[in-house]
Amino acid sequence: LLALTAFICIETIMECSPCEGLYFFEFVSCSALVVTGALLLLFSLNLHTRIPQINWNLTDLVNTGLSTFFFFIASVVLAALNHKTGAEIAAVVFGFLAMAVYAVNTFLAVRKWRMSSRQQSSRQTSDYIRARTESREVVHRPEIQRLDA
């Protein structure tokens, strides 16, 4: 919602002389809104379970990390290059708020990704130990004689 609000604020600006900062902020807020919205829709409808080949925890982590980084850069650039109009100030404020929320979500995504990778590695380790134990079990067959020296 904060990305949407920042995008709406930036779209209300009618005139700008150095427009590069404004255009970059517009691109970042729109991109974050679209990608996060698509991921939210996938997770809400449980459509991500139909594509198990993708590591969704890592996908969410990358999305929130990049959104945090680009919202920070875009907000700093817009704050430095604005004309002190109400819409530009509001866009900068909502940009920094969106960056903070994405940063918190990045922290939570890192924790979730670490937990899932630990569970996966412990599952692989237990499968390895089970397979190794089963391979060491000897079936006593009379045709094979054990040589003790």
Between CZ on residue F24 and OG on residue S29, distance to nearest 0.5 Å: 10.5 Å
Atom CD in E88, atom CD1 in I10: separation rounded to 0.5 Å? 6.5 Å
Run the side-chain contact (heavy atoms from CB on, under 4.5 Å) check on W56 and L39 step by step: do they pass? CA-CA 9 Å; W56 292 105; L39 287 174; 4.0 Å; yes
Is it true that I54 and L66 fall in one hydrophobic cluster, defined by side-chain heavy atoms closer than 4.5 Å? no
Closest heavy-atom pair, A98 versus A3, reported as atoms and distance to 0.1 Å, is CB-N, 4.2 Å
Tell me whether V92 shares a hydrophobic cluster with F94, the cluster being built from Ile, Leu, Val, Met, Phe, Trp, Tyr side chains joined at under 4.5 Å. no
Among N63, T59, N57, L58, which one satisfies side-chain contact (heavy atoms from CB on, under 4.5 Å) with L61? L58
Between CZ of F43 and OG1 of T49, what distance do you get to the nearest 0.5 Å? 10.5 Å
Could you walk me through whether T64 and F107 pass side-chain contact (heavy atoms from CB on, under 4.5 Å), step by step? CA-CA 9 Å; T64 56; F107 172 74; over 6 Å; no
Tightest non-hydrogen contact, residues G95 and A6, listed as N-CB, 4.2 Å
F69 with M99, same ILVMFWY side-chain cluster at under 4.5 Å: yes
Over 12 non-hydrogen atoms of neighbours within 6.0 angstrom of CG in L1: no
May I ask you to decide if V28's main-chain N or O and S31's side chain share a donor-acceptor pair within less than 3.5 Å? no
When rounded to the nearest 0.5 angstrom, what is the spacing between CD1 in I73 and CG in L78? 13.0 Å
Nearest heavy-atom contact between D60 and A109 is OD2-CB, 4.1 Å
Restricting to non-hydrogen atoms, name the atom on T68 and the atom on A103 that form the minimum distance, rounded to 0.1 Å. OG1-N, 3.2 Å
Is it possible for you to say whether L81 and Y23 belong to one hydrophobic cluster, with membership spreading through side-chain heavy-atom contacts below 4.5 Å? yes
To the nearest 0.5 Å, tell me how far F96 CZ sits from L2 CG. 13.5 Å
Specify the closest pair of heavy atoms between Y102 and T36, including all atoms of both residues, with the distance to one decimal. OH-OG1, 2.7 Å
Separation between CD (E26) and CG (L22), nearest 0.5 Å, reads 6.5 Å
In terms of hydrophobic clustering (I, L, V, M, F, W, Y; side-chain heavy atoms under 4.5 Å; direct or indirect links), are F27 and L33 co-clustered? no
